[in-house]
Amino acid sequence: MARKPMMAGNWKMNNAIGEAVVLTQEISNNWWKDWEDKVEVVICPPFVDLKPVKTVLEFDKTKIFVGAQNVYWEEAGAFTGEVSVPMIRECGCDYCIVGHSERRGLFGETNEDVNKKVRALLGGRLKPIVCVGESLAVRDEGTTNEYVCAQVKAAFAGVDAEDAAKCVVAYEPIWAIGTGRTATPEQAEEACAAIRAQLAVLFGEETAQAMRILYGGSMNPGNVDALVAEPDIDGGLIGGASLKCDSFIQLVKAVMQ
Ligand code: PGA
């Protein structure tokens, strides 16, 4: 089954409002209308940039989607510092990254938290981009596939196939994120194929074949072609290379071929 590729830019904690507007405008200026049938592009800026980024894209009628980098599962209330699903939806988000390794590692997010966020997003008609990935220690032990499949299972607990079909999974080996050290296409494909097999166990073969699985971790214009040529890699979740218009657009073009 043909899956529409996706390139998602994860800006992390970069670009204040002025910079965000300038970068979005640059990306929008480089966008060709006929690309929208060939690729889904998502920009995931910090919360404060969501509305300004969306406004630029709406003004230009550029069919690029906006996603948040995190969300809280409660709708409203005494949760100081948190942001809810209805809030990010109101900012124009269609997507939200969940369970990024920086959130798991630096902010103590557990598999259970990830699952609550996934279900809250689906309940609020937003599409999660669920991140999984192993540390170097897990890879060296030779248990990468088991580890990432357990993360997938936990993230999707209580989710049915119809909702799962709306989700995207991003395989991001922690040792490859921001390090310049990319997984080889073979390593990335092996993990992504294992994830798809796990999704088939959970939701059936048809749903698993329809779901997109992205690779993330030092993806750049130099290594993208070999990665997206792999049968189970449907695009990328891009950190560093999404912060410059040129490299991001090169990645978008690469995944359309
Ligand atoms: P990177 O980040 O492309 O800078 O390695 C990827 C990510 O963390 O999503």
Side-chain angles (χ1 to χ4, degrees), residues 6-17 19-20 23-24 40-54 57 64-133 135 148 151-152 154-159 163-164 166-174 176-178 212-217 235-240 242-243:
M6 171 179 279
M7 272 292 159
N10 173 12
W11 288 3
K12 308 194 179 185
M13 200 174 73
N14 293 295
N15 293 333
I17 293 174
E19 297 160 307
L23 178 54
T24 307
E40 213 165 309
V41 173
V42 187
I43 295 175
C44 302
F47 286 130
V48 294
D49 296 337
L50 289 172
K51 190 73 184 164
V53 164
K54 183 73 181 180
L57 296 171
I64 291 179
F65 296 93
V66 177
Q69 298 172 13
N70 183 30
V71 76
Y72 193 58
W73 54 81
E74 296 286 351
E75 283 218 349
F79 304 103
T80 301
E82 295 295 333
V83 173
S84 71
V85 173
M87 288 171 182
I88 61 170
R89 196 177 51 225
E90 200 180 323
C91 289
C93 286
D94 282 283
Y95 287 94
C96 182
I97 297 171
V98 186
H100 191 279
S101 60
E102 285 150 18
R103 296 228 50 90
R104 294 180 192 255
L106 300 172
F107 303 101
E109 205 163 287
T110 65
N111 276 334
E112 290 70 34
D113 296 338
V114 173
N115 177 245
K116 284 183 190 161
K117 292 178 183 196
V118 166
R119 288 193 291 165
L121 285 163
L122 290 166
R125 302 186 308 283
L126 291 190
K127 293 176 258 189
I129 300 173
V130 180
C131 300
V132 299
S135 63
V148 296
Q151 286 183 316
V152 166
F156 287 99
V159 175
D163 272 344
K166 299 168 193 154
C167 300
V168 176
V169 177
Y171 166 62
E172 300 204 302
I174 297 168
I177 293 178
R212 282 171 298 195
I213 303 177
L214 312 180
Y215 168 79
L237 180 56
I238 319 297
S242 74
L243 295 173

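Owing to the predicted nature of the structure, the values given are computational and were not obtained by experimental measurement.
Going from atom CD1 of Ile174 over to atom CD1 of Ile177 covers 6.5 Å, rounded to the nearest 0.5 Å. With rounding to the nearest 0.5 Å, the separation of CE in Met6 from CG in Leu214 is 6.5 Å. Between the CD1 atom of Ile43 and the SG atom of Cys93 there is a distance of 11.5 Å, given to the nearest 0.5 Å. Tyr95 contributes atom OH, which lies 10.5 Å from atom CG of Leu126 (distance to the nearest 0.5 angstrom). Taking CD1 of Ile17 as the reference point, atom CG of Leu50 lies at 10.0 Å (rounded to 0.5 Å). Between atom CG of residue Leu243 and atom CG of residue Asn14 there is a gap of 5.0 Å, rounded to the nearest 0.5 Å.
Contact of the Trp73 side chain with the Asn115 side chain is not registered, since no non-hydrogen atoms from C-beta on lie closer than 4.5 Å. Looking only at side-chain heavy atoms (C-beta outward), Val152 and Val148 stay at 4.5 Å or farther from each other. When side chains are defined from C-beta on, Cys96 does not count as touching Pro128, because their heavy atoms never get closer than 4.5 Å. For the pair Val66/Leu57, a side-chain contact is recorded, criterion being any heavy-atom separation below 4.5 Å from C-beta on. For the pair Val98 and Asn70, the minimum side-chain heavy-atom distance is 4.5 Å or more. Between Asn15 and Pro45, the closest side-chain pair of non-hydrogen atoms is not below 4.5 Å. Side-chain atoms of Trp11 and Cys44, non-hydrogen and from C-beta on, never get closer than 4.5 Å to each other. For the pair Ile64 and Val42, the minimum side-chain heavy-atom distance is 4.5 Å or more.
Applying the salt bridge (Lys or Arg N to Asp or Glu O under 4.0 Å) rule to pairs touching residues 99-110 yields Lys12-Glu102, Arg103-Glu109, Glu109-Lys117, sequence neighbours excluded.
Between the Gln151 side chain and the Gly133 main chain, a donor and an acceptor come within less than 3.5 Å of each other. Looking at Glu82, its side chain never comes within 3.5 Å of a backbone N or O of Phe79 through a donor-acceptor pair. Without hydrogens or angle criteria, Arg212 side chain to Gly235 main chain gives no donor-acceptor distance under 3.5 Å. A donor-acceptor pair is defined here as one N or O able to donate and one able to accept, closer than 3.5 Å; no such pair exists between the side chain of Asn10 and the backbone of Ile238. Put simply, the side chain of Ser84 gets close to the backbone of Glu75: a donor and an acceptor are under 3.5 Å apart.
Nearest heavy atom pair, residue Ile88 against residue Ala68, reads CD1-CB, 3.8 Å. Heavy atoms only, all atoms of each residue included: Ala20 and Val53 are closest at CB-CG2, 4.1 Å. Of all heavy-atom pairs spanning Pro173 and Gly216, the tightest one is CD-O, 3.4 Å. Annotation for Leu237 and Cys131: closest pair CD2-SG, 3.7 Å, computed over non-hydrogen atoms.
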*Test Phe156 against Val169 for side chain to side chain contact (heavy atoms under 4.5 Å, CB included), laying out the working first.*
CA-CA 11 Å; Phe156 287 99; Val169 177; 4.0 Å; yes
*Can Cys167 and Ile129 be said to form a side chain to side chain contact (heavy atoms under 4.5 Å, CB included), step by step?*
CA-CA 6 Å; Cys167 300; Ile129 300 173; over 6 Å; no
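A salt bridge is defined here as a Lys NZ or Arg NE, NH1 or NH2 lying under 4.0 Å from an Asp or Glu carboxylate O, and Lys51 with Glu90 fails to meet this definition.
A side-chain N or O of Glu172 and one of His100 form a donor-acceptor pair less than 3.5 Å apart.
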